Amino acid sequence: MKRLALLFLAGPALADGPAVPQFVEETEAAGFAHSFTGDWEFVVGGGAAVFDCSGDGLPEVFMAGGTSSSALFLNESSETLAFRKAGSSGLEMDMVSGAYPVDIDADGVTDLAVLRVGEARLMRGLGDCKFSDASADWGFDAHDLWHTAFAATWEKGADWPTLAFGSYIDRAQEEFPWGNCTENLLYRGAARKFAPPLSLNPSFCTLSLLFTDWNRSGTPALRVSNDREYYKGGQEQLWHIDPEAEPRLYTETEGWKRLRIWGMGIASRDLNDDGYPEYFLTSMADNKLQFLATPGPDAKPQYGDEAFKRGVTAHRPYTGDDLRPSTAWHTQFEDVNNDGFADLFIVKGNVWAMPDFAGADPNNLLLGQEDGTFVEAGDKAGVASMLQGRGGALADLNGDGRIDMLVANRNGPAQVWRNAGPVGNWVAIKPLMENANRDAVNAWVEVRTGDRVQQQEVLVGGGHAGGMLLPLHFGLGPAEAAEARVIWPDGEASDWVKLILGQINMVER
């Protein structure tokens, strides 16, 4: 794994605001040639899964293809980005809408949950970036659905993960899809296989799922973001997932407030260092940034929207002549300038020539500031693509400590940008456990610099139709020393350990 010299470079800023990273598009030079194609059944989806299947510390990228074949891109990057399409990885298939990496069988080799318009598949990692379909071996009862969302967790005491699959519309109802949402399914483990799935009803045309420990209780709940374009009588959802009980919805009497949006994607991050995650929800027109109303051990799931206050409504294009409302899809928090404050990435694109929404709709790169607000820098950073975006990812693709960017565009070429700086100090943390849940999903990683503690939850899910399984990246700004600890999924805390900056640090249980 690459060790870098520690740098803190002064770069261009936004009126005395945060340093603006300079991104260089290297799509063609990097050999990243791919498109997510299709009409009605692929107006949504188009996800990317980012994970290291070669073991060299550089992440590979699996891209959904829609009516084109899906593809695995092997990472051969150095100073610049370079990819090679795998010839026979076992992941070449049609009708793929998205994918998420997760180590299902705890063998230390990442597997993939592949979303399809049709039967989803669980692909076992064989090593050396080869995969085989393990759906039948693992007792996975795949239903013929328009799959659009996924999340994974390990319930207390379980040696096998719990998987949630979200679905969209009954494909037979294309002429009148409204009110024809299909079921979401929850798969629990039994004797290292999956039991028959439980139906999460009501289901409301889901486009993003996330198991998250919203109240730090040690028992993650399932957040569900739904597209109000097609459901009738629906809303955003939060499910109790208790290993001793059937799943049940949080209710208004428990504090859950009714919210109806065109829910596309979910991003999670503790933005104010209070130990509780905030949630950014993408939609059409204004997006939501939710803060827990009263954080604490007895918290109720009551959230207030601070998107306007913090400058992240992102409701219209910020550059160009098209002033109609935006349409947002994949979203993610990462520190792209390594100043110690999380930034927000939003992929944009019209659904399908919808006349009331912007056609020229650039992706957002909102830079976080010390006061908790954000400022738009997509155009100045060089990533304001006007293609019809869907999925995407922020990840360090060439191991230089700077977060790069990729976007999947519908009926257009995918794009990759290399982050050319500036860059502050940084560190990456990879928590590891023995036996089940090797990647410590739903653990919390804390990084301390002086009096400040940044915190991130290890997650599999969220985004839009794709996600990552990589070491957690922390920007440190000018700090030259840091230490970390892990709050493991069962609540036990590791000791604080000193970190080596500028590289990936393993923290083993």
Side-chain angles (χ1 to χ4, degrees), residues 43-44 145-151 164-170 173 176-186 198-215 220-242 246-268 276-294 299-308 312-315 325-331 346 351 357 461-465:
V43 293
V44 300
L145 298 167
W146 184 344
H147 289 97
T148 48
F150 175 83
F165 282 83
S167 70
Y168 202 43
I169 302 166
D170 181 350
Q173 303 298 324
F176 194 86
W178 297 276
N180 286 300
C181 300
T182 50
E183 62 183 350
N184 297 334
L185 297 172
L186 188 79
L198 302 172
S199 183
L200 296 175
N201 283 320
S203 297
F204 295 128
C205 291
T206 296
L207 290 178
S208 192
L209 294 166
L210 185 64
F211 285 108
T212 174
D213 192 0
W214 66 273
N215 59 353
L222 179 64
R223 283 197 71 122
V224 185
S225 197
N226 299 309
D227 182 6
R228 68 176 297 174
E229 180 73 14
Y230 293 112
Y231 63 64
K232 292 183 177 180
Q235 58 175 301
E236 298 293 281
Q237 295 170 303
L238 185 68
W239 288 84
H240 291 274
I241 305 295
D242 185 331
E246 296 289 299
R248 65 179 180 87
L249 281 168
Y250 277 86
T251 64
E252 292 186 13
T253 58
E254 293 175 282
W256 184 250
K257 294 182 179 179
R258 182 179 176 85
L259 176 65
R260 304 181 71 196
I261 60 174
W262 290 269
M264 312 289 201
I266 306 171
S268 173
Y276 293 84
E278 280 70 56
Y279 301 98
F280 186 77
L281 310 176
T282 55
S283 182
M284 301 171 75
D286 64 321
N287 303 282
K288 307 297 181 185
L289 180 59
Q290 295 189 328
F291 281 71
L292 196 58
T294 309
K300 293 183 177 181
Q302 295 177 332
Y303 287 87
D305 178 22
E306 297 191 12
F308 180 78
V312 293
T313 54
H315 58 289
S326 284
T327 305
W329 300 90
H330 182 81
T331 185
I346 311 170
V351 175
F357 292 84
H464 178 73

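Because the structure is a prediction, the values reported are computed rather than measured. Nothing fancy with the numbering, it's 1 onward along the sequence.
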A.B. asks: Fit a plane to each ring of W214 and Y250, take the angle between them on a 0 to 90° scale, and name the class: parallel (under 30°), tilted (30 to 60°) or perpendicular (over 60°).
C.D. replies: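 Aromatic pair W214/Y250 classed perpendicular.
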A.B. asks: How far does CD of Q290 sit from CG of D305, to the nearest 0.5 angstrom?
C.D. replies: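 Output value for this atom pair is 7.0 Å.
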A.B. asks: How long is the span from the CG atom in L207 to the CH2 atom in W329, to the nearest 0.5 Å?
C.D. replies: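 The CH2 atom of W329 is 6.5 Å from CG of L207, to the nearest 0.5 Å.
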A.B. asks: Quick one, M264 and S225 - any side-chain contact, counting heavy atoms below 4.5 Å?
C.D. replies: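 SC-SC contact between M264 and S225 ruled out.
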A.B. asks: Under 6.0 Å between ring centres, would you say that holds for F291 and Y279?
C.D. replies: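 No: the rings miss the under 6.0 Å criterion.
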A.B. asks: Indicate yes or no: at least one non-hydrogen side-chain atom of L292 is less than 4.5 angstrom from one of E278.
C.D. replies: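 L292 does not reach E278 side chain to side chain.
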A.B. asks: Taking L145's backbone N and O only, do any of them form a donor-acceptor pair with H147's side chain (distance below 3.5 Å, no angle check)?
C.D. replies: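 Side chain of H147 to backbone of L145, a donor-acceptor pair under 3.5 Å: yes, one is there.
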A.B. asks: Testing the basics here: between W146 and V44, what is the closest heavy-atom pair and its distance to 0.1 Å?
C.D. replies: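 Residues W146 and V44, closest heavy atoms: NE1-CG2, 3.8 Å.
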A.B. asks: Would you check if F165 and N184 make a side-chain contact, meaning some heavy-atom pair closer than 4.5 Å?
C.D. replies: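 No - every pair of side-chain heavy atoms lies 4.5 Å or more apart.
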A.B. asks: Have S167 and T182 got a donor and an acceptor in their side chains that come within less than 3.5 Å?
C.D. replies: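 Indeed, the side chains of S167 and T182 share at least one donor-acceptor pair under 3.5 Å.
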A.B. asks: Say you draw a straight line from OG of S326 to CE of M284; how long is it, rounded to the nearest 0.5 Å?
C.D. replies: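 Those atoms lie 10.0 Å apart.
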A.B. asks: Mind listing the closest non-hydrogen atom pair of L289 and V312 along with its distance?
C.D. replies: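 Reported closest heavy-atom pair: CD2-CG2, 3.7 Å.
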A.B. asks: Is there a donor-acceptor contact under 3.5 Å linking the side chains of N226 and Q237?
C.D. replies: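 A pair is found: one side chain offers a donor N or O, the other an acceptor, under 3.5 Å apart.
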A.B. asks: For the residue pair I266 and F280, establish whether any side-chain heavy-atom pair is separated by less than 4.5 Å.
C.D. replies: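 A side-chain contact is absent here, since even the closest heavy-atom pair is not under 4.5 Å.
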A.B. asks: Between the side chains of T294 and Q302, is a donor N or O closer than 3.5 angstrom to an acceptor N or O?
C.D. replies: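 There is no such pair (donor and acceptor under 3.5 Å, judged by atom type) between the side chains of T294 and Q302.
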A.B. asks: Minimum heavy-atom separation for G461 and L210, please, with both atom names.
C.D. replies: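 Distance-wise, the nearest heavy atoms are C-CD1, 3.7 Å.
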A.B. asks: Enter the distance from T206:OG1 to Y168:OH here, rounded to the nearest 0.5 Å.
C.D. replies: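 Reported to 0.5 Å precision, the distance equals 10.0 Å.
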A.B. asks: Mind checking the NZ-CG spacing from K288 to L281? Nearest 0.5 Å is all I need.
C.D. replies: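 Those atoms lie 9.0 Å apart.
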A.B. asks: We want to know whether Y230 and N180 form a side-chain donor-acceptor pair, criterion being a heavy-atom distance below 3.5 angstrom.
C.D. replies: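 Side chains of Y230 and N180: no pair found under 3.5 Å.
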A.B. asks: I'd like to know if the side chain of H330 reaches the main chain of H464, judged simply by a donor and an acceptor atom lying under 3.5 Å from each other, with no hydrogens or angles considered.
C.D. replies: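 Yes, because the side chain of H330 sits within donor-acceptor range (under 3.5 Å) of the backbone of H464.
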A.B. asks: Assess whether side-chain contact (heavy atoms from CB on, under 4.5 Å) is satisfied between Q235 and L259, documenting all intermediate values.
C.D. replies: CA-CA 6 Å; Q235 58 175 301; L259 176 65; 5.9 Å; no
A.B. asks: Which atom names give the shortest non-hydrogen contact between S199 and L185, and what distance separates them?
C.D. replies: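 What the structure gives for the nearest pair is CA-CD2, 4.0 Å.
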A.B. asks: Any non-hydrogen side-chain atom of E236 less than 4.5 Å from a side-chain atom of W256?
C.D. replies: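 The answer is yes, as the side chains (C-beta and beyond) meet within the 4.5 Å cut-off.
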A.B. asks: Is the closest side-chain heavy-atom distance between R260 and F204 below 4.5 Å?
C.D. replies: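 Sidechains of F204 and R260: no contact.
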A.B. asks: Would you call the rings of F357 and W262 parallel, tilted or perpendicular, taking 30° and 60° as the class edges?
C.D. replies: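 Aromatic pair F357/W262 classed perpendicular.
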A.B. asks: Any non-hydrogen side-chain atom of I261 less than 4.5 Å from a side-chain atom of T282?
C.D. replies: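 SC-SC contact between I261 and T282 ruled out.
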A.B. asks: On a heavy-atom basis, which atom in N287 and which in A328 lie closest, and how many Å separate them?
C.D. replies: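 Residues N287 and A328, closest heavy atoms: OD1-CB, 3.4 Å.
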A.B. asks: Carefully, step by step, assess I169 and C205 under the rule side-chain contact (heavy atoms from CB on, under 4.5 Å).
C.D. replies: CA-CA 6 Å; I169 302 166; C205 291; 3.9 Å; yes
A.B. asks: What's the shortest heavy-atom distance between T331 and G265, and which atoms?
C.D. replies: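 Heavy atoms of T331 and G265 come nearest at CG2-C, 4.1 Å.
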A.B. asks: Mind checking whether P220 and T212 have side chains closer than 4.5 Å, heavy atoms only?
C.D. replies: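 They are not in contact (no side-chain heavy atoms under 4.5 Å apart), so the answer is no.
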A.B. asks: On the ring face of Y303, is R258 found with NZ or CZ under 6.0 Å from the centre and within 45° of the axis?
C.D. replies: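 Not flagged: R258 not positioned over aromatic ring of Y303.
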A.B. asks: Look at E254 together with R248 and state whether they make a salt bridge at an N to O cut-off of under 4.0 Å.
C.D. replies: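 Looking at R248 together with E254, the answer is yes, because their closest N to O distance falls below 4.0 Å.
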A.B. asks: Can you tell me how far NZ of K300 sits from CD of E252, rounded to the nearest 0.5 angstrom?
C.D. replies: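 Going from CD on E252 over to NZ on K300, the span is 12.5 Å.
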